[in-house]
Number of protein chains: 2
Amino acid sequence: MKVTKKQAQANRAHIVETASALFRERGYDGVGIADLMAAAGFTQGGFYKHFRSKADLMAESSACSIAQSAELTAGASIQEFVRAYLSREHRDNRATGCTFAALCADAARKEDEVRATFAAGIETQLGVLLGGGDLSPEAAEKARATHLAIMAQALGAIVMSRACPDDSSLADEILEACHVAIIKSLTSSEAVPDELQLNN
Amino acid sequence: MKVTKKQAQANRAHIVETASALFRERGYDGVGIADLMAAAGFTQGGFYKHFRSKADLMAESSACSIAQSAELTAGASIQEFVRAYLSREHRDNRATGCTFAALCADAARKEDEVRATFAAGIETQLGVLLGGGDLSPEAAEKARATHLAIMAQALGAIVMSRACPDDSSLADEILEACHVAIIKSLTSSEAVPDELQLNN
DNA sequence: ATTATCTATAGATCTATAGATAATGC
DNA sequence: ATTATCTATAGATCTATAGATAATGC
């Protein structure tokens with residue numbers, strides 16, 4: 001019954017991966033320990049040899065899926081990111097999609113441990129979107145604000161779109177409208193002459 | 001023990017109001033029937049004389065709070081709406097705040113009955129934001145898309161901000177960045193000359 | 001000897017129903 | 001007689017723990 005230390009570590013990682021998909025799909029409260037362990041191919045009793053509590057796993061599995069998405073995003077232009085993010089494929093596949101869109105509202109009601117993970121994750125994702133550009137301090141601050149606003153808009157679009165019934169045309173309309181708005185904001189902030197820009 | 005028909009109707013309405021606050025505060029899965037009925041001043045057994053199921057109440061109480069918010073918004077300019085929506089007060093008071101920000105992600109995992117309520121609610125809120133303006137068909141379509149995008153961005157800002165720990169400066173930064181971005185988008189779509197506007 | 005996993009279960013939930021109670025409404 | 005609310009409970013969850021089992025690791 002016991003397995004090698006290496007295998008135990010692999011089993012633990014597999015439980016974390018399984019959890020990150022199930023939590024995104026059904027929400028934190030929608031996945032029981034027994035459910036999860038069965039989906040990972042184990043029985044429930046073993047869970048607490050790997051994790052101190054369910055909240056611990058919520059934080060760890062979310063950190064894991066946030067890091068995975070960040071890796072996937074790295075190197076892409078903001079335009080590419082937005083196009084993929086605001087796709088119907090992303091909206092319709094919660095289990096492999098953005099952890100923020102799937103779980104921010106859930107996280108807001110959970111332990112500080114979970115929320116600290118989300119705040120750190122937002123910083124990570126923001127860093128990836130900003131890339132390694134060497135901007136002046138003011139330009140960097142402006143870019144940070146712009147990209148936070150884009151993240152919020154993209155996330156909001158997915159969240160609203162998912163709340164609509166499956167066959168809803170409104171769901172697609174939301175994605176489209178936000179895609180257009182984000183592209184427009186990127187174009188205008190680059191191309192509009194300074195004298196036409198609002199300064200706060 | 002029995003009460004007048006009028007009183008029974010009032011009790012029912014009170015349960016719906018209590019539910020709309022508790023659901024926004026703790027999520028649909030975070031509120032049990034016993035919890036809710038106790039908060040409303042009753043015992044759990046009476047619930048099913050008023051509602052067929054918990055899902056029924058989720059739909060009805062959410063429709064109720066969405067309609068209330070829409071009423072509150074009616075008459076305000078989009079700038080006033082955005083300022084109030086993106087305030088710390090709104091972020092920190094889920095129970096009385098936007099139903100979409102609090103429950104869209106939850107609703108996405110629930111029965112179609114609940115999601116139909118949300119889609120209808122988005123249309124209602126959108127109608128209020130657009131006001132009774134008499135625009136040309138193209139201008140109306142454009143305004144509809146613009147306002148959907150603003151709703152998504154504002155909602156996304158609140159959702160992201162709430163996922164951060166209580167003392168997080170990032171939480172405030174998100175609200176500020178999105179406020180600036182929305183004001184900017186309103187200004188540019190009004191003030192930027194046509195030849196500088198991107199057309200899709 | 002240690003320990004990763006298993007079986008079993010405690011104790012606290014949860015939704016929903018059944019039947020009792022006491023007041024309304026005919 | 002009807003019915004809004006109450007008490008009580010069935011049956012299915014849920015998180016977490018206790019103790020058994022069987023393999024690793026010293």
Side-chain angles (χ1 to χ4, degrees), chain A residues 1-20 22-62 103 106-107 109-114, chain B residues 1-20 22-62 103 106-107 109-114:
Chain A
M1 260 174 170
K2 192 182 174 185
V3 298
T4 64
K5 261 183 173 152
K6 198 176 157 187
Q7 184 60 48
Q9 275 310 98
N11 289 347
R12 190 195 139 98
H14 181 234
I15 295 167
V16 171
E17 292 257 348
T18 306
S20 91
L22 286 182
F23 283 147
R24 279 179 281 178
E25 178 100 39
R26 307 188 208 155
Y28 292 128
D29 293 346
V31 183
I33 304 292
D35 273 355
L36 163 67
M37 291 299 277
F42 301 99
T43 56
Q44 55 187 317
F47 180 85
Y48 292 91
K49 278 274 151 62
H50 287 301
F51 309 97
R52 243 181 330 137
S53 66
K54 188 181 176 183
D56 253 36
L57 178 67
M58 294 190 283
E60 182 170 344
S61 71
S62 297
L103 291 170
D106 276 36
R109 304 175 203 118
K110 298 294 180 192
E111 290 82 344
D112 241 66
E113 178 188 5
V114 178
Chain B
M1 260 175 171
K2 193 184 174 185
V3 298
T4 64
K5 262 185 173 154
K6 198 177 156 187
Q7 184 59 49
Q9 275 310 100
N11 289 347
R12 190 196 139 99
H14 182 234
I15 295 167
V16 171
E17 292 258 348
T18 306
S20 90
L22 285 182
F23 283 148
R24 278 179 281 178
E25 177 100 39
R26 307 189 209 154
Y28 293 129
D29 293 348
V31 183
I33 304 292
D35 272 355
L36 163 66
M37 291 299 277
F42 301 98
T43 56
Q44 56 188 313
F47 180 85
Y48 292 92
K49 278 272 153 59
H50 288 300
F51 309 97
R52 244 185 325 139
S53 67
K54 187 180 176 183
D56 254 36
L57 177 67
M58 294 190 282
E60 183 170 342
S61 71
S62 297
L103 291 169
D106 275 38
R109 305 176 202 117
K110 298 295 179 193
E111 290 82 344
D112 242 65
E113 178 187 6
V114 178

Grab the [atom1]-[atom2] distance between [X] and [N] for me, whole Å please.
X	N	atom1	atom2	value
A:E111	D:dT15	CD	P	12 Å
A:Q44	C:dT7	CD	C1'	9 Å
A:M58	D:dC14	CE	P	14 Å
B:D56	C:dT15	CG	C1'	14 Å
B:L36	C:dT13	CG	P	17 Å
B:I33	D:dT7	CD1	C1'	17 Å
B:Q7	D:dT5	CD	P	8 Å
A:H14	C:dT5	NE2	P	12 Å

What residues, two or more places apart in sequence or in another chain, satisfy side-chain contact (heavy atoms from CB on, under 4.5 Å) together with B:S61?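 B:S61 satisfies side-chain contact (heavy atoms from CB on, under 4.5 Å) with B:V16, B:A19, B:S20, B:F23, B:L57 only.
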Mind checking what makes side-chain contact (heavy atoms from CB on, under 4.5 Å) contact with A:A38, not counting sequence neighbours?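 Scan of A:A38 (side-chain contact (heavy atoms from CB on, under 4.5 Å), adjacent residues dropped) gives none.
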Could you tell me whether A:D35 contacts a base, only the sugar-phosphate backbone, or nothing, with contacts defined as non-hydrogen atoms closer than 4.0 Å?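 A:D35: backbone/sugar contact only, no base atoms under 4.0 Å.
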Base, sugar-phosphate, or nothing for B:G45, non-hydrogen atoms under 4.0 angstrom?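 Result for B:G45 = base.
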For DNA chain D, just give me the dot-bracket, please: Watson-Crick or G-U, both distances below 3.5 Å, ( ) intra-strand, [ ] crossing earlier pairs, | paired with another strand, . unpaired. ||||||||||||||||||||||||..
Please report the closest heavy-atom contact between B:V31 and B:R26, naming both atoms and the distance.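 Looks like CG2-CB, 4.0 Å.
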Measure across A:I15 and A:A40 and return the closest heavy-atom pair with its distance rounded to 0.1 Å.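 Looking at all heavy atoms of both residues, the shortest contact is CG1-CB, 4.1 Å.
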Side chains of [X] and [Y] in contact at under 4.5 Å (non-hydrogen atoms):
X	Y	answer
A:R109	B:D106	yes
B:D35	B:Q44	no
B:R12	B:E60	yes
A:E111	A:M58	yes
B:F42	B:L36	no
A:L103	A:S62	yes

When you measure from every atom of DNA chain D, which of residues 46-54 of chain A have a heavy atom less than 4.0 Å away?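 Heavy-atom cutoff 4.0 Å gives A:Y48, A:S53, A:K54.
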Partner residues of A:K54 under the salt bridge (Lys or Arg N to Asp or Glu O under 4.0 Å) criterion, sequence neighbours left out: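 With neighbours one apart ignored, the set is empty.
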Give each protein N/O atom lying under 3.5 Å from an N/O atom of nucleotides 21-25 of chain C, with the pair distance.
{"residue": "C:dA22", "atom": "O3'", "partner": "B:M1", "partner atom": "N", "Å": "3.1"}
{"residue": "C:dA23", "atom": "O4'", "partner": "B:M1", "partner atom": "N", "Å": "3.1"}
{"residue": "C:dT24", "atom": "O2", "partner": "B:K2", "partner atom": "NZ", "Å": "3.2"}
{"residue": "C:dG25", "atom": "OP1", "partner": "B:K5", "partner atom": "N", "Å": "3.1"}

